[in-house]
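In each ligand, atom 1 is the first atom listed, and ligand 1 is the first ligand listed. Everything numeric in this text was worked out from a predicted model, so none of it was measured.
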Amino acid sequence: MKSILITGGASGIGAGIAERFSEAGYAIAVFDRNAAGADEMARRLKKSGGPAISIHGDVSEPADAERAVAQTITAFGSLDVLVNNAGIEIVGTVASLSVEDWDRLLGVNLRGAFLLSKFAIPRMKPGSSVVNISSVHAFASYADNAAYDSSKAGLLGLTRAMALDHGPSGIRVNAVCPGYIQTPMLDKWLDSVPDREGTMREVLRSHPLGRIGTPRDIAEAVFFLCSDAASFVNGTFLVVDGAMTVSGK
Ligand code: NAD
């Protein structure tokens with residue numbers, strides 16, 4: 001049985017990825033700083049028949065990252081897929097962001113992916129794969145997102161570097177760039193804007209398909225990238241945004 005370690009697996013996109021891979025027969029390690037959420041997710045997955053464990057910790061802490069990899073391998077015997085999904089958003093320009101907020105955001109979104117990969121890669125066998133959850137913010141900037149945009153662009157650089165360095169060991173590394181996806185993170189952002197309904201109408205207008213994405217939409221892309229169908233896909237990114245960015249709105 002193959003296993004997958006998903007950071008931020010207790011909520012939103014991470015939870016969608018956990019469900020998709022569990023349905024496909026993977027053993028799931030849900031790693032999240034939200035301990036109760038991770039436990040609940042693992043319990044739900046086990047109830048539907050698949051092996052699952054929850055691991056509590058912070059992706060930006062080296063000891064937690066190392067322990068997450070070790071616990072996954074102890075529980076399931078191998079680590080076949082790592083998904084660096086945990087992320088936070090803190091709005092602000094370079095002028096308004098505090099140094100602490102910049103460090104905190106980069107610590108989770110970019111350093112976290114580095115740390116998990118650092119401890120996972122040496123223990124992964126040929127045929128394994130890593131997927132980094134970046135964002136359309138990696139190449140399409142939005143006002144007030146200096147730290148978030150930088151972290152997501154940085155993840156694409158990390159993806160390319162890892163693909164080059166670890167391809168010779170048979171490990172593929174790719175990224176997914178989601179657009180607007182219905183998750184608690186999106187809800188939190190909508191709560192912070194002055195006109196929630198008006199903003200949502202505008203968001204929908206920028207989507208040619210007339211809807212925003214679901215965690216399942218992203219999970220399917222991640223699943224493809226980790227599958228044998230993508231065995232020659234390496235060092236690149238898949239935009240999953242319903243053509244929102246090509247609409248130019
Ligand atoms: P979410 O807030 O619903 O879930 C994020 C999860 O990560 C939570 O369970 C949270 O507890 C966990 N987490 C946060 N910081 C952590 C840390 N330091 N250590 C361990 N766990 C931590 O968010 P989401 O919308 O599902 O986002 C998941 C990823 O997708 C993020 O990287 C986000 O930037 C990216 N993304 C989201 C959207 C969107 O529209 N929702 C769009 C593009 C990219």
Determine whether Ser141 and Asp149 satisfy the following criterion, side-chain hydrogen bond (donor to acceptor under 3.5 Å, both in side chains), listing intermediate values before the conclusion.
CA-CA 7 Å; Ser141 288; Asp149 292 2; 3.2 Å; yes
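Counting the atoms of ligand 1 from 1 in the order shown, those under 4.0 Å from a heavy atom of Gly8 are 6 (C), 7 (O), 12 (C). Residue Pro184 approaches ligand 1 through these ligand atoms, each under 4.0 Å from one of its heavy atoms: 3 (O). Taking every heavy atom of Asp58 and a limit of under 4.0 angstrom, the matching atoms of ligand 1 come to 17 (C), 18 (N), 19 (N). Per-residue contacts place Ile88 under 4.0 angstrom from the following atoms of ligand 1 (heavy atoms of the residue considered): 14 (C), 15 (N).
Residues Asn84 and Ser117 have side chains that bring a donor and an acceptor to within less than 3.5 angstrom of each other. No side-chain N or O of Ser231 forms a donor-acceptor pair with one of Asp228 less than 3.5 Å apart. Under the 3.5 Å distance criterion, with hydrogens and angles disregarded, a donor-acceptor pair is assigned to the side chains of Thr159 and Asn132. One side chain, Asp241 or Thr245, offers a donor N or O that lies under 3.5 Å from an acceptor on the other. Between the side chains of Asn34 and His56, no donor-acceptor pair of N or O atoms lies under 3.5 Å.
Ligand 1 has no N or O atom lying under 3.5 Å from any N or O atom of Ser60, backbone or side chain. Distances between N or O atoms of Tyr180 and those of ligand 1 include no value under 3.5 Å. Ligand 1 has no nitrogen or oxygen under 3.5 angstrom from a nitrogen or oxygen of Ala10. Taking distance alone, with nitrogen or oxygen atoms compared against 3.5 Å, Tyr148 approaches ligand 1 more closely than that limit. Any N or O atom pair closer than 3.5 Å counts here, and Ile181 shares at least one such pair with ligand 1. Not a single N or O atom of Asn109, backbone or side chain, sits closer than 3.5 Å to an N or O atom of ligand 1.
The single protein non-hydrogen atom nearest to atom 21 (N) of ligand 1 is Arg33 N, 3.2 Å, given as residue, atom name and distance. In this structure, atom 41 (N) of ligand 1 lies nearest to the protein heavy atom Thr183 OG1, 3.0 Å. With respect to atom 37 (C) of ligand 1, the closest heavy atom belonging to the protein is Ile13 CD1, 3.7 Å. Counting protein heavy atoms only, atom 19 (N) of ligand 1 is closest to Val59 N, 3.0 Å. Closest to atom 8 (C) of ligand 1, if we only count protein heavy atoms, is Asp32 OD2, 3.6 Å. The protein atom (non-hydrogen) at minimum distance from atom 38 (C) of ligand 1 is Gly179 O, 3.8 Å. Distance from atom 2 (O) of ligand 1 to its nearest protein heavy atom, with residue and atom name: Met185 CB, 3.6 Å. Nearest to atom 43 (C) of ligand 1 among the protein's heavy atoms is Pro178 O, 3.3 Å.
Proximity of Cys177 to ligand 1 is not established, as no heavy-atom distance is less than 4.0 Å. The shell of residues lying under 4.0 angstrom from ligand 1, judged by heavy atoms, includes Ser134. In this structure, Gly57 has a heavy atom closer than 4.0 Å to ligand 1. Heavy-atom distances between Glu89 and ligand 1 stay at or above 4.0 Å for every pair.
For the pair Ser54 and Phe31, the minimum side-chain heavy-atom distance is 4.5 Å or more. Contact check for Leu82 versus Ile4: no side-chain heavy atoms found under the 4.5 Å cut-off.
Of the listed residues (Gly9, Gly12, Ser11, Gly16), the one carrying the non-hydrogen atom nearest atom 1 (P) of ligand 1 is Ser11. Among Asn85, Asn34, Ile133, the residue whose heavy atom lies closest to atom 32 (O) of ligand 1 is Asn85. Heavy-atom proximity to atom 22 (C) of ligand 1, evaluated over Ser135, Ala86, Ala65, is greatest for Ala86.
Salt-bridge annotation for Asp187 and Arg196: present, with a side-chain N of the basic residue lying under 4.0 Å from a carboxylate O of the acidic one.
A donor-acceptor contact shorter than 3.5 Å is absent between the side chain of Ser22 and the backbone of Glu19. Here the side chain of Ser129 pairs no donor or acceptor atom with the backbone of Val81 at under 3.5 angstrom. Panel note: side chain Thr7, backbone Asn85; a donor-acceptor pair is recorded below 3.5 Å.
Residue pairs meeting the salt bridge (Lys or Arg N to Asp or Glu O under 4.0 Å) criterion with at least one partner in residues 46-64, sequence neighbours excluded, are Asp64-Arg67.
For Ala65, the side-chain contact (heavy atoms from CB on, under 4.5 Å) criterion is met by Leu115, Leu116, Phe119, not counting sequence neighbours.
Of all the heavy atoms of Val108, the ones lying under 4.0 Å from any atom of ligand 1 belong exclusively to the side chain.
Nearest heavy-atom pair, Ala146 versus Trp102, reported as atom, atom and distance to 0.1 Å: O-CZ3, 4.0 Å.
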